Each structure stands twice: as C-alpha cells, then as structure tokens.
Protein chains: 2
Amino acid sequence: MRHLTSLRYIEAVAKSGSIRRAAESLAINSTALNRRILAVEADLGVPIFERLPRGVRLSAAGEILLQHIRDQLGDMDRVKGLIADLSGERRGHVSIACSQALLPYFLPEQISLYRRAHPGVTFGVHVRDRDEAEQSLISREADIALVFEPVRMSDLELLLAVRQRIEAVLHPDHPLAAKKTLRLRECLSFPIALPTAPYGVRHLLENATRRSSLKLTPVVESDSFEFLYRHALEEKIVTLQIPLGLPPGDTPALVRRSIDTRDVPDGMVYVGQLKGRILPVAASRFCAQIMSAFAERYECI
Amino acid sequence: MRHLTSLRYIEAVAKSGSIRRAAESLAINSTALNRRILAVEADLGVPIFERLPRGVRLSAAGEILLQHIRDQLGDMDRVKGLIADLSGERRGHVSIACSQALLPYFLPEQISLYRRAHPGVTFGVHVRDRDEAEQSLISREADIALVFEPVRMSDLELLLAVRQRIEAVLHPDHPLAAKKTLRLRECLSFPIALPTAPYGVRHLLENATRRSSLKLTPVVESDSFEFLYRHALEEKIVTLQIPLGLPPGDTPALVRRSIDTRDVPDGMVYVGQLKGRILPVAASRFCAQIMSAFAERYECI
DNA sequence: CAAACCGCTGCAAAAATTGCATCACACTAA
DNA sequence: TTAGTGTGATGCAATTTTTGCAGCGGTTTG
C-alpha cells in the first residue's frame, strides 16, 4: 500500500532517532526522507520531530501522530487479511512475542499445525520478557503475547490464563525419579540448575522460599531453558520447568515430577493482545487455535 | 494530509457510483481517478469495484476497504484535533445530525456558546431523521446525533437520554390557555396542527390514541415545526411540541401547557455517537457541553 | 582546531501523475 | 437493426512530484 510510505518512514525515523540513519535502513536518500518529513510537518502545521544536534526526537505532536500511524499500519494489515480471506486464499502474517518456555515444543507444534491448513500464512516468533512483550504489542511488532507470571500490564488485553504446575525435570536414574510428587525441600537437597531471569519460574521460586528456611543455591544458572534442560539430563541434576516447556507425554530419556503446590504455587501463562486492537484475521484465528489447544491440555481461566 | 487522497477518491467513487461523475465532483480528470483506483486494486490484488455497464459498484472487498477508509479519515481528523489542541489553539469541526426540534433554540444557543469560547471551531448542522442520522454517523458525515424517539439503532452508542414532556403551544387568548395542564382529549376537541413525519411527537401521539376513542384529525399538517408553530399562533389553533423545540422560559406571545402524561407518555431525545468511535477533540468537548446543558434543564438518564 | 555528524537547500535527473484523444463495450431509443 | 450515449480502459505526451547529488551551516567530539 503505497499511500502509507510516508507513515512507515516516520516510524522508522522515530525508531532510529536520526533521519540519515533511518534513510540508510530504508534504502532511500536522506534528502528524500527529510523532505517527506518536512512535507508532513507543513501539512500538519506542527513539527513532528525536535531537531537535536545528534539527530531528531519525536515532539509531543509526533508522539500522537506515531500512535495514529501504528494504528493505521496495523489496521491496514487487518483489512488486507479480511480481503484475502473472502477471496478464498488465506494469507497473512502472525507475529508472536513469547517467553522461552513456548519455544521448544508448544509453538513449533501449533505453528506447523496451523500452516498445514493455511500454507500462505507466515509467522514471526520473538523471545521477549514481559515488558518487552508489551512494547512489542504497542509498536505492533507482535500481534499476540504469550507470557509467564507475573503479569500486570496496562496495555495488555488478557485473553486466557493457563495454569502451569512447576515440574522437576530429572534423568530416569536420579534418586528422586522414584517418587510421584516431590516436595521443594527434596529437590533443593540435590544439586539443582535454575534459570537466572527474575521472571517466570525463578520468580515463583524466589517468592516461595522467601519466608522459609529453604535456600536457592543452584549449581548451574542460565537464561536458556534449553541449556538447563540438556545440562540437567547430562549431569543428572534437577531442574525446574513448567509443563509447556517440556516434551508432551512421557519419554524414556526424561522424567517429569510435579512439585507439591504447598511449596510452590502454580504459575500462569497468559495469552494476550494489545488492548482495544482488532487483530488481523490470521492472527485472530491462530490465537483461537492455541487457546483451544491450551484449554484442551491445561486448566484455564 | 496528502497520503489520504486516494482513499478520499475511492470514497467519492463509492458514493457517486461512477468514476467519471466522481472525477467531476473532485475536480480531477476521470483518467487519473481511474488509474488511481486501478493502482489500489493492483496493490491489493483484488478489485475494489465491480464494473457495471452504467458505472461501478463496491465489491465485497471494496466494502471492507471503505469501512477502513472511513475509519482512517475520521481518525486523522481526530489526530489533527489532538495536535492542534496541544499547540494551544483549539481548531476543528463538529458535525451534528439532529432532528428539527433542536434547530430553533437549543443548537443555536449551544453552538454560539461554544464558539464564544473556541472561535476556531466550525460547525455543521444537518437535519436528519433517525435512520438518516445513523447513516450520517456511519459515513462520518456527522460526529454526533441528536434524535427523538423511538431509537433502535445498532450502530449508535447512546450517551444520554433526555426526558421530554409533550407540550401544547397556544396563543395566549386560546380558551385552553387558562388551564395549567391539559388532557389530550381537551386539545383534540379544538382545531389542531400536527407534524406529518411518522417520527417524534407524531409517533407518540399515534401510539397514545391507537387504543382509545380519540382520533387525530389535524386541520393543518406539516413536516416543518417552524411552520406549525407560527401557524398555530397566527390562527390560534393548538399544536404540540417538545420543550426543546420551544423558546426557553415564558414569552408573552406564546403559552406552553404540559399534556397530562396519562394521555401521552414522555418522549426521549437521545444523544449518541457511532459505536466504538473515538470522537475528535472538538466534537467530544462540544458533546460534553450539550450533555451538561441537557442535564441542567431536563431529567436525563 | 579539525573531524565527524547532523539537518537542510539548490539544482538537475528520474519517476510518477495527469490530461487528451481514443477504444471497446453495453445499453437505449428510434 | 442502427445510431447514439454513457461507461471504464489505454497509449502517449505534458506536467508535476519525488529523488539523488553536492554542498552549506551548525554542534559535538577528540
């Protein structure tokens, strides 16, 4: 859609903070870009950018305009989806901001399932923590956010909350593998590997141990769930994870045991979108699919 | 805003149903207009218009796009208002679709009051019946609708309902002028002038007399409230009107007497906007003003 | 003080838009 | 049937707009 070019350009300038740099990334001459901005400002009667010695910054009017621009760009995508929809072929792009736990099993499975039915739809998966996820929704980088506890975002419209009981991941030979459910104290008496990030599982554990004599003394810390999980199996130490991040069902190479909820309360994975936004068709349908997948497998609210 | 030109053009073509005719009204060559449309269609991959022997008509995709176009145009107005707002000067345009009764006193008073505070704001007042008012909201011709009973519009977002007791308008010498409140039967025993339209006051009266022995036999009918009112005073016959359509307070040349509510129930004037739309600043503020004016003078819900 | 960026402007080249004349088609009226 | 009228589409030239280059004036940085 050609008529949105100037708007896209403005967005790029706002993001990069410099006309010349934005021009480079847009594969256009900085002069042309500069003139487009001047034209819009003349049209509007107000400067969109403040000129600083090292570049530009959005003015108050620019902030308002940028909000409008993002709405328009997003809405145009949505309209394109609607139109593609009624001409039979389903096209579109779905962009997801999610936490790490969804990466290894859940999203690959769901996306390939969706793409089997609608090969024309493309996907973008971006690993984001909660605040970054919210920013991604606001800037329209992402259509859907899938984030773990705790959530308190003002611009997030909650669509579903999925209850996730913390589970210990063990090598089959690990002594704890014999028991059915584990107490946190038992786990912590063995060498343990934990995620670093102050979010998600680690956040729940910190909360759980704050008022007890238990101490979190991980022998391995990492911000990669993938690494923790592989390492736990290799070295036969314990790690903790939510079910969504683990292979579905039982596998011979890996044992999963729930942690008693008296020790660690269940966490929640939240599905959400930008408040007030109407999602493009593809995103909306995919969202419906994963929500029903969640509802089928886990307790949801 | 230049980038919306094509969208405005498409809207004009959709309205006029012919590229050539739209081109004329847009003061542009039909070739250029035609090509703009072709360009958008190529861009979108789908025809926006069906080509008929006598012109064009929106396709299904076109309907979707038009909806989007109207949203965008409206939103751009809103953004302009917001931006003008923070640069100090209040500019903007407020377009109102309303029933006749608001024309003689209420709107002139309110608009001039508002314009005294904000001379930069311009107004458009369009007389519309209920269905037309709804269409005006949808097409963004109007920002606000002020309509009389009965209302059952799916796209209207109700902001306020103003109770209006039906009143008889009399010459001071009229025999009924001596009484404080009137029964409908008394009024109908004198020559009476009534509005024609099946809406508003007439609708209430028809409902009221349907199940009684009373009969509406107006000696004068007109779709102009102005005429009815002038004529009633001239020929000294009775006419019925809602308070909003009458001069505020008592005047020596005219007597107002309420009709007993046992005979005719109170009507309602509704203030509304398009569902889900965020009004431009000027419209939003003016709306707040008239709503408080209503609330001050009449019983509102 | 020089170098590195920055946004901005004059000017010419390039690209897009527009207008004119005209075509093909469908309907209407004689 | 036939001539006439109104429709959207297209080739081509004129016009307008956009773009890119070179260079200016300013500020920060080393």
Side-chain angles (χ1 to χ4, degrees), chain A residues 1-63 65-66 69 72-73 76 83 87, chain B residues 1-63 65-66 69 72-73 76:
Chain A
M1 292 274 80
R2 195 88 80 92
H3 70 279
L4 296 171
T5 315
S6 285
L7 305 191
R8 265 190 280 267
Y9 285 0
I10 290 174
E11 194 191 12
V13 172
K15 184 183 286 184
S16 71
S18 150
I19 294 182
R20 286 179 123 108
R21 241 175 306 139
E24 201 163 343
S25 76
L26 291 169
I28 196 192
N29 190 298
S30 76
T31 313
L33 181 50
N34 179 35
R35 287 187 150 109
R36 283 191 108 111
I37 290 169
L38 290 176
V40 171
E41 290 181 330
D43 227 349
L44 221 53
V46 176
I48 299 306
F49 291 102
E50 297 170 25
R51 272 66 172 179
L52 308 176
R54 316 292 303 172
V56 294
R57 185 177 56 191
L58 279 175
S59 67
E63 298 273 8
L65 185 68
L66 185 65
I69 286 175
Q72 289 215 4
L73 293 177
M76 185 40 109
I83 288 176
S87 69
Chain B
M1 293 276 80
R2 199 92 88 91
H3 70 280
L4 296 170
T5 316
S6 284
L7 304 191
R8 264 191 281 267
Y9 285 0
I10 290 174
E11 194 190 14
V13 172
K15 184 184 282 183
S16 70
S18 151
I19 293 182
R20 287 178 121 105
R21 241 176 304 139
E24 202 163 343
S25 75
L26 292 169
I28 197 193
N29 190 297
S30 76
T31 313
L33 181 50
N34 180 35
R35 283 214 247 264
R36 282 191 109 108
I37 291 168
L38 291 176
V40 171
E41 290 181 330
D43 225 351
L44 222 51
V46 176
I48 299 305
F49 291 103
E50 297 171 26
R51 272 65 172 180
L52 307 177
R54 317 286 314 167
V56 294
R57 187 177 54 192
L58 279 175
S59 66
E63 299 273 8
L65 185 67
L66 186 65
I69 286 174
Q72 290 218 6
L73 293 178
M76 185 41 106

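Sequence lines set the chain letters: A, B, ... in the order given, protein chains first and strands last, and positions in each chain run from 1. The structure displayed is predicted, hence computed values, not measured ones.
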> In residues 26-36 of chain B, what residues come within less than 4.0 Å of DNA chain D, judged by heavy atoms?
Replying inline: B:Thr31, B:Asn34, B:Arg35
> By salt bridge (Lys or Arg N to Asp or Glu O under 4.0 Å), which residues pair with B:Arg35, not counting sequence neighbours?
Replying inline: none
> How many angstroms lie between atom CG of B:Leu66 and atom CG of B:Leu58, to the nearest 0.5 angstrom?
Replying inline: 5.5 Å
>> What contact category does B:Arg54 fall into here, base, sugar-phosphate, or nothing, at under 4.0 angstrom with non-hydrogen atoms?
In response: sugar-phosphate
> Which residues pass the salt bridge (Lys or Arg N to Asp or Glu O under 4.0 Å) test with A:Glu50, sequence neighbours left out?
Replying inline: A:Arg57
>> Heavy atoms only, 4.0 Å cut-off, all strands: where does B:Arg51 land among base, sugar-phosphate and nothing?
In response: sugar-phosphate
> Which value, rounded to the nearest 0.5 Å, describes the distance between A:Met1 atom CE and A:Leu7 atom CG?
Replying inline: 12.5 Å
>> I'd like the 5' and 3' limits of the part of DNA chain C contacted by chain B, with heavy-atom contacts below 4.0 Å.
In response: C:dT17 to C:dC27
> B:Ser30: what forms a side-chain hydrogen bond (donor to acceptor under 3.5 Å, both in side chains) with it, not counting sequence neighbours?
Replying inline: none
> Out of curiosity, A:Leu26 CG to A:Thr5 OG1, how far, rounded to the nearest 0.5 Å?
Replying inline: 10.5 Å
>> Holding to side-chain hydrogen bond (donor to acceptor under 3.5 Å, both in side chains), I want the full list of residues that pass it with B:Glu41, two or more places apart in sequence or in another chain.
In response: B:Arg51
> Going by number, which of residues 37-48 of chain A have a non-hydrogen atom under 4.0 Å from DNA chain D?
Replying inline: none
> How do A:Pro53 and B:Gly55 order along DNA chain D: which one's closest nucleotide is nearer the 5' end?
Replying inline: B:Gly55
> Residues in side-chain contact (heavy atoms from CB on, under 4.5 Å) with A:Arg8, at least two apart?
Replying inline: A:Leu4, A:Leu73
> Can you name the residues that form a side-chain hydrogen bond (donor to acceptor under 3.5 Å, both in side chains) with A:Ser6, not counting sequence neighbours?
Replying inline: A:Arg36
> Which is the 5'-most and which the 3'-most nucleotide of DNA chain D that has an atom under 4.0 Å from a heavy atom of chain A?
Replying inline: D:dT18 to D:dT28
>> Any side-chain to backbone donor/acceptor pair from A:Asp43 onto B:Arg2? Under 3.5 Å, distance only.
In response: yes
> For residues 15-30 of chain B, which residue pairs qualify under salt bridge (Lys or Arg N to Asp or Glu O under 4.0 Å), counting only residues two or more places apart or in two chains?
Replying inline: none
>> Pair B:Tyr9, B:Ile28 - check side-chain contact (heavy atoms from CB on, under 4.5 Å), show working.
In response: CA-CA 10 Å; B:Tyr9 285 0; B:Ile28 197 193; 3.5 Å; yes
>> Just to verify, what does B:Asn29 make a side-chain hydrogen bond (donor to acceptor under 3.5 Å, both in side chains) with, not counting sequence neighbours?
In response: B:Thr31
